[in-house]
Amino acid sequence: MTRVPLYEYRCRVCGYRFEKLVRFSQADQPIACPNCGTSETERLLSAFAARTSEGASSATSCSTGGG
């Protein structure tokens, strides 16, 4: 099974943000903006969510609020 990651991009010309499935071998190639067509895009760092098999009861919080 080939896995293709979903990358997030932002166009440097028009500011449009979009996602695209891109193979690892093509990840560093220019990606055209679907809004304006330019290849002046940048790959963004994406946050992701993960779920453990133990469920939400074992989740920890990163907040600094007292409690």
Side-chain angles (χ1 to χ4, degrees):
M1 182 168 118
T2 302
R3 294 189 179 181
V4 181
L6 180 66
Y7 289 110
E8 217 177 328
Y9 292 89
R10 183 181 67 84
C11 179
R12 292 179 179 152
V13 175
C14 70
Y16 187 72
R17 292 177 70 127
F18 61 98
E19 296 175 335
K20 185 157 180 78
L21 290 170
V22 180
R23 293 185 184 275
F24 285 116
S25 61
Q26 299 171 333
D28 293 328
Q29 295 180 0
I31 301 295
C33 172
N35 188 52
C36 71
T38 184
S39 60
E40 295 290 323
T41 57
E42 63 182 337
R43 192 170 61 202
L44 304 174
L45 292 175
S46 300
F48 64 93
R51 184 175 178 176
T52 64
S53 61
E54 297 170 5
S57 62
S58 65
T60 60
S61 174
C62 293
S63 67
T64 58

Legend entry - Contacts of A32 that satisfy side-chain contact (heavy atoms from CB on, under 4.5 Å) - sequence neighbours left out: none
Inset, instruction - Please state whether the rings of F18 and Y16 are parallel, tilted or perpendicular, taking 30° and 60° as the class boundaries. - result: parallel
Inset, instruction - Please report the closest heavy-atom contact between Y9 and K20, naming both atoms and the distance. - result: CE1-CB, 4.1 Å
Legend entry - Heavy-atom side-chain proximity of R43 to D28 below 4.5 angstrom: yes
Legend entry - L21 with Y7, same ILVMFWY side-chain cluster at under 4.5 Å: no
Inset, instruction - Mind checking side-chain contact (heavy atoms from CB on, under 4.5 Å) for T38 and listing every partner two or more places apart, or none if nothing turns up? - result: C11, V13, C33, C36, E40
Inset, instruction - Return the set of residues passing side-chain contact (heavy atoms from CB on, under 4.5 Å) with R17 (not counting sequence neighbours), or none when no residue passes. - result: E8, R10, L44
Inset, instruction - Using the rule that two of Ile, Leu, Val, Met, Phe, Trp, Tyr join whenever any of their side-chain heavy atoms come within less than 4.5 Å, decide whether L6 and V4 are in one cluster. - result: yes
